[in-house]
Number of protein chains: 2
Amino acid sequence: MPFAVTVDLVLLTIREDELQVLAVRRGEAPFRGRWALPGGFVREEEGLLEAAQRELAEETGLRERSVHLEQLGTYGAPRRDPRLRVVSVAYLALAAELPEPAAGTDASEARWRPVADLLSGSDRLAFDHREILGDGLERARAKLEYSPLATAFCAHEFTVAELRHVYEVVWGTELDPRNFHRKVTGSPGFLMPTGRRTTRNGGRPAQLFRRGKARLLNPPISR
Amino acid sequence: MPFAVTVDLVLLTIREDELQVLAVRRGEAPFRGRWALPGGFVREEEGLLEAAQRELAEETGLRERSVHLEQLGTYGAPRRDPRLRVVSVAYLALAAELPEPAAGTDASEARWRPVADLLSGSDRLAFDHREILGDGLERARAKLEYSPLATAFCAHEFTVAELRHVYEVVWGTELDPRNFHRKVTGSPGFLMPTGRRTTRNGGRPAQLFRRGKARLLNPPISR
DNA sequence: GCAAAAGTGTTGGGAGTACACCCATGA
DNA sequence: TCATGGGTGTACTCCCAACACTTTTGC
């Protein structure tokens, strides 16, 4: 049985105080004119993660270093693509704020779109990409609690307030700045102090941190 | 690019006070004579979950009702199968104790094997199935904490002690029976009392429960 | 000085652990 | 009546949400 295998990317970032995802406007049938997740075929001599890294580089010009990339799930309903049987392995990628993608890189327009808009159905996604995006969002939300994943949304160095902003945007909640500060700085291995400070918005300068080596947070950060 | 797509099953159960997994002895090259996870090709008109359900039924004769089945991950390294490019979607299945599979169903011998034996490397698995099994075990362990998944290892009706036994075997720890009892009966939606009681091993009869409707446990059951 | 943001101290209540104790059965 | 496992009560500890308060900057 001949199957086509693709990777699709749910690349999330935080821009303009909301969670946004990279989407491409489809130039061809099927679903011409609709938004879709970026993706492409897996090559002959390429692993799945490798293919996702390549797609990521093609879409954003980013080396994999600064981007968190993990397998999200695989979608293979018989007629999810009307042309042929395609099994798609979705990857979840999280990045710090990136520039708007250069136009015309791939003959198709790529843009940052608010996740909420694409999920609310006002702007329907191609294929089963709405389901994939929904699963990606859920995964990201859950992992913020018990893993240091939120740092993947931040630049190399960041303040506690910036990290808190990530949590607040992804979860859509407000967190107490004082307790949050204590929690994250007290969580072993979550943050590494750099010793440097910054002043960005007036007020007392904040310490700058880098991500630490911890892979799991306990106790978790509660919503 | 022509890919073959298969589903592989990590079917776990608890037998003889240990965690066991269904394995099949390979009758052909490659890896002839080695143990492997049960699996097979996805058919033309079949979804991925559907294929996993079919495999499960073929191996165990079980209807999907009583078995928990969820996608675990997808494995597609270029040369994981030396014959052709195979992408395998692994599913994690959890079941209550089942009879030893009938011999000769599928020309290959299927048997319950202790997970620890297969992971410790004393009995090497075919392909990348050791990695898949390891991922499945990790997933099961993690999900016991924050989901009512442990009930999937129990029969339709079960006692608190039987449920505790599941946790103790999967985690390899001992739990305080008294606090455990309070936690699980107090967790809303985890267990539904049937009103019936049973005496299995002498001692005071225990209440019988069924799984409730909760999908998430909070607070979680801690290791 | 005043506003604004960073960071610390304090406290009261809730949750979890450890363990003493009581309950219901079979032999 | 004893052994065995089921189930409840209770006290102590630790954690954490809430919020008052102090620190350090720009204007």
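Everything numeric here is computed off the predicted structure, so don't read it as measured data. Within every chain, numbering begins at 1; the chains are lettered A, B, ... in the order of the sequence lines, protein sequences first and strands thereafter.
- Nucleotide D:dC16 holds its P atom 14 Å from the CG atom of A:L175, rounded to whole Å.
- The pair B:E50-B:R54 does not count as a salt bridge, with every side-chain nitrogen at least 4.0 angstrom from each carboxylate oxygen.
- Within the 4.5 Å cutoff, the side chain of A:T185 has heavy atoms near those of the A:F209 side chain.
- Shown here is B:E138, whose CD atom has no more than 12 heavy atoms of other residues, nucleotides or ligands within 6.0 Å.
- Distance CZ (B:F158) to P (D:dG5): 20 Å, rounded to an integer number of Å.
- Of all heavy-atom pairs between B:Y91 and B:L49, the closest is OH-N, 3.3 Å.
- The CD1-P distance, from A:I221 to D:dA17, rounds to 10 Å in whole Å.
- Proximity of a side-chain donor or acceptor of A:R25 to a complementary backbone N or O of A:G33 within less than 3.5 Å is detected.
- Taking the centre of each ring, A:F180 and A:Y167 come in below the 6.0 Å mark.
- Residue A:R164 contributes atom CZ, which lies 10 Å from atom P of C:dG7 at whole-angstrom precision.
- Straight-line distance from the CG atom of B:N218 to the C1' atom of C:dG14: 14 Å, rounded to whole Å.
- In B:R124, the CZ atom is not crowded: 12 or fewer heavy atoms of neighbouring residues, nucleotides or ligands sit closer than 6.0 Å.
- Rounded to whole Å, atom C1' of D:dA17 lies 17 Å from atom NE2 of A:H181.
- Rounded to an integer number of Å, the gap from CG of A:L191 to P of C:dA6 is 14 Å.
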> What string of B, S and - do you get for nucleotides 16-25 of chain C, 5' to 3', when a contact is any protein heavy atom under 4.0 Å?
Replying inline: SBBBBB-BBB

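- Recorded end-axis angle for the helix from C:dG1-D:dC27 to C:dA27-D:dT1 stands at 10°, based on five pairs per end and rounded to 10 degrees.
- Atom-to-atom, CG of A:L208 to C1' of C:dG7 comes out at 15 Å; the value is rounded to the nearest Å.
- Side-chain nitrogen and oxygen atoms of A:Q207 include at least one within less than 4.0 Å of the OP1 or OP2 phosphate oxygen of C:dG7.
- Applying the side chain to side chain donor-acceptor pair (under 3.5 Å) test to A:R196 and every residue at least two apart in sequence or in another chain returns A:E157.
- For the residue pair A:Y75/A:D8, the side-chain donor-acceptor check at 3.5 Å is not satisfied.
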